[in-house]
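First the proteins, then the strands, lettered A, B, ... as listed; each starts at 1. Scope of the values below: all heavy atoms of this structure, side chains included, with no hydrogens, waters or symmetry mates.
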Amino acid sequence: MRIATWNVNSARARVARIQSLLTEHDIDVLAIQETKCTDANFPRADFEKLGYEVAHVGYSQWNGVAILSRVGLSDIANEFPGQPGFHKDPQQPQKIEARAVGATCGGVRVWSLYIPNGRAVTDRHYTYKLHWLKALSEYAASSLAENPQQDLALMGDFNVAPRDEDVWDMAAFAGSTHVTDAERANFELLEEAGLTEVTRQFTAADRYTYWDYKGGRFYKDEGMRIDFQFASTNLAARAQKGFVDKEERAKRGSSDHALVLVDYAASPTP
DNA sequence: ATGCCTTGCATGGCAAGA
């Protein structure tokens with residue numbers, strides 16, 4: 001089964017590109033982040049006509065996550081248990097944002113995840129980000145404790161560069177989010193929960209999954225590795241190969257993130 | 001130091017992104 005994740009930076013602005021990559025790469029399941037639209041505005045029919053079932057969670061112009069699957073799609077969840085909320089006003093009730101959608105596709109429990117950016121280390125959004133990662137790891141740990149043999153995949157834009165080599169210049173990130181010890185520690189909690197990050201082993205030659213639009217970063221290859229796929233033990237053991245689609249990122253009008261794809265061998269028949 | 005670019009929207013200058 002071929003599973004990919006892609007922060008598309010607006011689903012409506014990039015419908016044709018998403019359709020192209022689904023076909024070009026023969027993708028079974030695609031997790032999308034930053035659709036930037038409500039459920040009513042998500043271009044669902046454009047993917048259904050290609051044979052994909054669709055799960056989308058979008059409450060406004062911000063965030064928005066989706067799963068497209070041609071190997072079945074059931075038991076849709078609009079958030080994970082314990083998912084923290086946010087509101088710009090700390091006095092207001094903190095609301096769950098459109099940052100997680102789960103569905104079972106071809107026997108794999110798939111989550112498309114858009115981890116909060118953090119904005120600045122002094123911002124409430126940064127604390128929110130740390131809590132969000134911790135809560136996600138706790139959910140993963142409890143799900144794996146319940147069923148250690150399951151095929152579970154958590155993928156998306158994690159907004160953390162876990163190693164110094166995952167950014168082009170650590171000095172450029174002094175005092176910034178995405179590279180702090182606290183963010184890296186909470187990213188690591190996912191591994192401690194029993195998940196394995198499976199994309200890095202196949203994509204060492206392609207260091208990055210994101211390049212800022214500003215300042216011609218892509219052409220200077222000044223990027224960040226912040227998009228990942230985490231898999232449960234049984235699923236991770238079946239990861240065969242993977243790649244980062246830098247060609248698409250090089251095109252005019254592309255997303256600022258690249259698609260990250262992994263092939264998994266079929267589950268042994270029980 | 002700031003903008004560098006791109007998106008969506010009350011189509012305005014913002015907010016947000018990383």
Side-chain angles (χ1 to χ4, degrees), chain A residues 5-18 32-43 56-66 85-90 92 94-95 97-100 112-130 132-133 155-184 186-187 207-228 244 246 248-260:
Chain A
T5 183
W6 191 16
N7 179 322
V8 296
N9 185 16
S10 171
R12 285 175 292 172
R14 270 172 267 284
V15 174
R17 289 161 184 276
I18 298 167
I32 299 176
Q33 301 85 39
E34 276 209 91
T35 62
K36 292 191 170 180
C37 64
T38 59
D39 293 342
N41 288 334
F42 187 73
H56 179 263
V57 176
Y59 304 130
S60 69
Q61 73 196 91
W62 305 119
N63 314 306
V65 285
F86 186 78
H87 192 293
K88 62 184 176 185
D89 183 349
Q92 295 294 319
Q94 307 297 294
K95 292 189 289 195
E97 298 184 304
R99 295 182 178 277
S112 177
L113 304 165
Y114 180 42
I115 281 68
N117 171 290
R119 297 176 188 168
V121 293
T122 52
D123 198 299
R124 282 181 64 246
H125 210 258
Y126 177 76
T127 315
Y128 171 48
K129 177 181 195 173
L130 295 177
W132 212 97
L133 281 166
M155 65 190 69
D157 175 1
F158 286 79
N159 271 322
V160 178
R163 302 183 187 176
D164 289 358
E165 71 209 48
D166 296 335
V167 297
W168 79 94
D169 178 11
M170 275 298 287
F173 285 84
S176 297
T177 59
H178 293 62
V179 298
T180 66
D181 289 343
E183 286 165 286
R184 288 174 172 178
N186 284 19
F187 181 90
R207 290 173 63 186
Y208 309 129
T209 64
Y210 162 88
W211 298 260
D212 201 315
Y213 287 127
K214 303 189 284 285
R217 294 278 183 223
F218 182 76
Y219 301 98
K220 294 186 265 187
D221 199 25
E222 295 179 346
M224 308 171 75
R225 184 191 288 270
I226 54 177
D227 300 272
F228 300 95
V244 177
K246 271 184 81 170
E248 164 64 23
R249 179 64 184 84
K251 293 174 185 168
R252 278 179 65 91
S254 74
S255 168
D256 42 3
H257 291 254
L259 177 146
V260 183

Practice item. From the options dA18(B), dC9(B), dT6(B), select the nucleotide whose nearest atom is closest to the side chain of Gln61(A). Key: dC9(B)

[X] has an atom [atom1]; how far is it from atom [atom2] of [N], in whole Å?
{"X": "Glu34(A)", "N": "dA16(B)", "atom1": "CD", "atom2": "C1'", "answer": "8 Å"}
{"X": "Lys129(A)", "N": "dG17(B)", "atom1": "NZ", "atom2": "C1'", "answer": "11 Å"}
{"X": "Trp62(A)", "N": "dG17(B)", "atom1": "CH2", "atom2": "P", "answer": "7 Å"}
{"X": "Asp256(A)", "N": "dA18(B)", "atom1": "CG", "atom2": "P", "answer": "7 Å"}
{"X": "Asn9(A)", "N": "dA18(B)", "atom1": "CG", "atom2": "C1'", "answer": "11 Å"}

Phosphate OP1/OP2 of [N]: any [X] side-chain N/O under 4.0 Å:
{"X": "Arg119(A)", "N": "dG17(B)", "result": "yes"}
{"X": "Asn159(A)", "N": "dA18(B)", "result": "yes"}
{"X": "His257(A)", "N": "dG17(B)", "result": "no"}
{"X": "Ser176(A)", "N": "dA18(B)", "result": "no"}
{"X": "Arg252(A)", "N": "dC5(B)", "result": "no"}
{"X": "Asn7(A)", "N": "dA18(B)", "result": "yes"}
{"X": "Arg99(A)", "N": "dG17(B)", "result": "yes"}
{"X": "Tyr114(A)", "N": "dA18(B)", "result": "yes"}
{"X": "Arg14(A)", "N": "dT7(B)", "result": "yes"}
{"X": "Asn117(A)", "N": "dA18(B)", "result": "yes"}

Does [X] come within less than 4.0 Å of [Y], counting only side-chain N to carboxylate O?
{"X": "Arg184(A)", "Y": "Asp164(A)", "answer": "yes"}
{"X": "Lys214(A)", "Y": "Asp256(A)", "answer": "no"}
{"X": "Asp212(A)", "Y": "Arg217(A)", "answer": "no"}
{"X": "Arg207(A)", "Y": "Glu165(A)", "answer": "no"}

Between [M] and [N], how far apart are the [atom1] atoms? Round to whole Å, please.
{"N": "dA1(B)", "M": "dG13(B)", "atom1": "C1'", "value": "22 Å"}
{"N": "dA18(B)", "M": "dC14(B)", "atom1": "P", "value": "22 Å"}
{"N": "dT11(B)", "M": "dT6(B)", "atom1": "C1'", "value": "16 Å"}
{"N": "dC5(B)", "M": "dA10(B)", "atom1": "P", "value": "26 Å"}
{"N": "dT2(B)", "M": "dG12(B)", "atom1": "P", "value": "29 Å"}

Practice item. Show your reasoning for whether side chain to side chain donor-acceptor pair (under 3.5 Å) applies to Ser112(A) and Gln33(A). Key: CA-CA 7 Å; Ser112(A) 177; Gln33(A) 301 85 39; 3.1 Å; yes

Review point. What is the pairing partner of dC9(B), taking Watson-Crick or G-U wobble pairs with both distances under 3.5 Å in any strand?
Key: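 Partner of dC9(B): dG13(B).
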
Touch check for [X], heavy atoms < 4.0 angstrom, all strands: base, sugar-phosphate only, or nothing?
{"X": "Arg225(A)", "answer": "nothing"}
{"X": "Asp227(A)", "answer": "nothing"}
{"X": "Phe173(A)", "answer": "nothing"}
{"X": "Ser10(A)", "answer": "sugar-phosphate"}

Practice item. May I ask you to check whether Phe173(A) and Trp168(A) place their ring centres under 6.0 Å from each other? Key: yes

Point to revise | Most 5' of Ala13(A) and Gly215(A) on DNA chain B, judged by nearest nucleotide | key: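 Result of the comparison: Gly215(A).
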
